[in-house]
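Note that the structure is a prediction, hence the values are computed from the model and not measured. In this chain, residues are counted from 1 in sequence order.
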Amino acid sequence: MQASPENYLLLGPFHQIVTMASLPAAGPLQGHQLEVLEQAGIVLLGEKIVEVGTYAPLAQKAQALGYAVQELTEPLVLLPGFIDAHTHLCFAGSRANDYAQRVAGKTYLEIARNGGGILDTVRKTRAASPEELAQTLHERCQQHLSEGVTTCEVKSGYGLTVADELKMLEVINQVHQEQPLDLVPTCLAAHMRPPEFSQSGDYLTHIVQELLPQVKARGLAQRVDIFVEDTAFTESEAIEFLQTAKALGFDVTVHADQFSTGGSQVAAQVGAVSADHLEASDATAMAHLKEAGVVATVLPGASLGLGMHFAPARQLLDHGLCVAVATDWNPGSAPMGDLLLQAALLGAAQKLTIAETLAGITHRAALALGLTDRGIIAPGFLADLVAFPTSHYQEVLYRQGKLKPVIIWKRGRRYNREQPLLSRQEP
């Protein structure tokens with residue numbers, strides 16, 4: 001059935017629309033490759049984009065056909081909604097004490113070996129009710145949406161029992177339904193070995209036999225992750241676990257090369273969608289990832305939180321990889337959660353072009369989640385859009401995260417950036 005003309009909505013004029021269309025999925029990008037439309041408009045039908053182009057002819061068409069029009073009077077630059085492809089947003093409590101120890105000289109691994117770190121959050125998350133977890137997750141989603149993030153991956157991994165992992169995944173799915181931000185759940189029960197198990201292999205077998213079948217049967221997640229590191233799981237354990245998860249029908253991803261190499265080779269061998277962290281990756285690791293077509297997801301928030309070097313994003317791009325940028329928002333190593341700020345700082349430190357940084361939080365971030373319907377402003381894509389109060393797109397990263405969007409459209413619905421709550425305007 002053909003839609004009525006009044007169901008179409010013209011937005012504009014925008015001073016610029018940066019579409020992120022027609023860009024290669026991997027490798028270096030230069031500014032001249034960006035499609036930047038001047039004095040442009042965009043036509044929506046429900047949650048989808050149907051037309052993008054110069055505003056004047058679109059306005060004439062809208063008037064002739066009877067489209068609804070939402071005229072914008074201030075200078076605005078329109079970008080695709082941002083995509084945060086790696087977070088741990090569902091958790092209880094704070095790890096401010098971990099931070100205090102780190103800045104006093106303790107390392108992340110030392111804190112973890114002494115029983116702090118992830119297990120501290122595990123204890124608090126296990127004790128939290130689903131209602132408490134849902135409330136705090138709502139609040140974090142609210143912050144993300146207000147800062148232009150329209151799609152966000154969220155991991156479990158702070159339960160480490162069948163019941164508590166299911167509790168987390170149920171909360172993530174519930175909150176996905178209750179607020180505008182699209183949440184993509186990932187089962188990270190293989191975050192680390194819980195104290196109830198003395199052998200990591202026994203715990204992974206327990207996950208495979210008792211948890212993953214329930215996750216699959218109940219549709220709670222399509223993705224499975226594992227942390228490969230000497231405080232978590234070995235490469236051989238991870239390969240066996242991920243191969244089994246794939247055989248069960250899950251997509252897989254890997255916490256790889258954060259402190260030591262090895263995880264990237266695991267990701268390549270099992271055909272993971274992405275390998276995330278990569279701070280310790282070397283040329284050999286990059287070659288493995290490139291050959292296997294694995295997306296490289298870098299997490300500047302973890303580097304900032306831990307006071308360590310960034311992942312070698314420049315080298316990853318120059319090796320021909322698809323590089324996504326995500327926050328790793330979590331209570332321990334990356335509590336900030338500001339994707340735009342982190343991406344801007346990473347870009348300055350790693351000498352990434354504006355095109356590379358923007359692609360890393362839009363189109364290429366979508367690929368890290370296996371999503372092909374967002375991250376680009378073009379007909380047929382989701383109307384996930386963010387408008388910044390400026391006349392030139394370069395200002396967005398130049399201001400290093402301090403310039404925030406003033407309007408967000410999520411699946412075609414408009415939200416104004418007002419605190420403490422975003423106000424929805426129909427349509």
Side-chain angles (χ1 to χ4, degrees), residues 86-88 91 107-123 125-126 153 155-162 164-165 168-169 186-213 215 221 223-248 250-281 285 288-289 292 294 296-297 299 302 306 311 328 330 332-334:
H86 180 125
T87 83
H88 305 254
F91 63 86
T107 68
Y108 179 90
L109 295 179
E110 286 173 336
I111 294 169
R113 290 190 183 104
N114 291 333
I118 292 169
L119 286 180
D120 181 43
T121 300
V122 168
R123 289 187 289 271
T125 302
R126 286 179 177 181
E153 187 259 15
K155 302 179 189 296
S156 65
Y158 293 127
L160 307 188
T161 68
V162 171
D164 288 300
E165 287 292 304
M168 291 187 70
L169 291 169
T186 298
C187 181
L188 180 60
H191 203 176
M192 68 181 305
R193 176 180 56 81
E196 293 84 357
F197 286 80
S198 59
Q199 298 295 323
S200 297
D202 292 341
Y203 175 59
L204 293 178
T205 299
H206 177 68
I207 293 173
V208 166
Q209 294 179 347
E210 304 297 331
L211 175 62
L212 294 189
V215 172
R223 294 162 44 86
V224 167
D225 195 354
I226 188 169
F227 186 17
V228 181
E229 196 57 68
D230 63 3
T231 58
F233 301 99
T234 67
E235 296 164 44
S236 60
E237 289 171 338
I239 290 169
E240 182 179 358
F241 172 74
L242 293 173
Q243 287 175 336
T244 303
K246 288 191 74 173
L248 290 171
F250 290 98
D251 298 325
V252 300
T253 183
V254 183
H255 276 61
D257 296 3
Q258 184 175 13
F259 303 108
S260 59
T261 57
S264 55
Q265 284 87 337
V266 170
Q269 183 170 333
V270 302
V273 177
S274 71
D276 303 12
H277 273 296
L278 307 179
E279 292 90 340
S281 296
H288 286 304
L289 295 175
V294 179
T297 300
L299 308 174
L306 295 174
D328 196 23
N330 71 71
S333 60

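- The side chain to side chain donor-acceptor pair (under 3.5 Å) test with H86 is passed by exactly one of D276, T186, T297: D276.
- Atom CD1 in I118 sits 3.5 Å away from atom NE2 in H191 (nearest 0.5 Å).
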Less than 3.5 Å apart, which donor and acceptor atoms pair up between the side chains of residues 239-247 and the rest of the protein, not counting sequence neighbours?
{"from": "T244", "atom 1": "OG1", "to": "E240", "atom 2": "O", "distance (Å)": "2.9"}
{"from": "K246", "atom 1": "NZ", "to": "V270", "atom 2": "O", "distance (Å)": "2.8"}

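- Residues S333 and D328 approach most closely at OG-OD2, 3.8 Å, considering heavy atoms.
- If you take CG on L119 and OG1 on T125, they are separated by 11.0 Å, rounding to the nearest 0.5 Å.
- Nearest heavy-atom pair, S156 versus L188, reported as atom, atom and distance to 0.1 Å: OG-N, 3.0 Å.
- Here the closest non-hydrogen pair linking C187 and L212 is SG-CD2, 4.0 Å.
- Contact detail for R126 and L160: the closest heavy-atom pair is NH2-O, 3.6 Å.
- In terms of the salt bridge (charged side-chain N to carboxylate O under 4.0 Å, His left out) criterion, residue partners of R223 (sequence neighbours excluded) are, by chain and number, E153.
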Report all side-chain donor-acceptor pairs from residues 199-206 shorter than 3.5 Å, counting only partners two or more places apart or in another chain.
{"from": "Y203", "atom 1": "OH", "to": "A189", "atom 2": "O", "distance (Å)": "2.8"}
{"from": "T205", "atom 1": "OG1", "to": "G201", "atom 2": "O", "distance (Å)": "3.0"}

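- Shown here for L278 and S264, the closest heavy-atom pair between the two residues is CD2-CB, 4.5 Å.
- Here the straight-line distance linking atom CD1 of I226 with atom OG1 of T234 works out to 8.0 Å at 0.5 Å rounding.
- Remark: T253 pairs with S274 by the side chain to side chain donor-acceptor pair (under 3.5 Å) rule, at least two apart or across chains.
- Sorted by first then second residue, the salt bridge (Lys or Arg N to Asp or Glu O under 4.0 Å) pairs that include residues 224-236, not counting sequence neighbours, are R113-D230, K155-D225.
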Check: Can M168 and Y158 be said to form a side chain to side chain contact (heavy atoms under 4.5 Å, CB included), step by step?
Finding: CA-CA 8 Å; M168 291 187 70; Y158 293 127; 3.9 Å; yes

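- If you take CD1 on I111 and OG1 on T231, they are separated by 12.0 Å, rounding to the nearest 0.5 Å.
- Between the N330 side chain and the T87 main chain, no donor and acceptor come within less than 3.5 Å of each other.
- Checked against side chain to side chain donor-acceptor pair (under 3.5 Å), E279 has the following partners two or more places apart in sequence or in another chain: H277.
- Pairing each heavy atom of V294 with each of A268, the nearest pair is CG2-CA, 4.1 Å.
- In this structure, CG in L306 is found 5.5 Å from CZ in F259, a value given to the nearest 0.5 Å.
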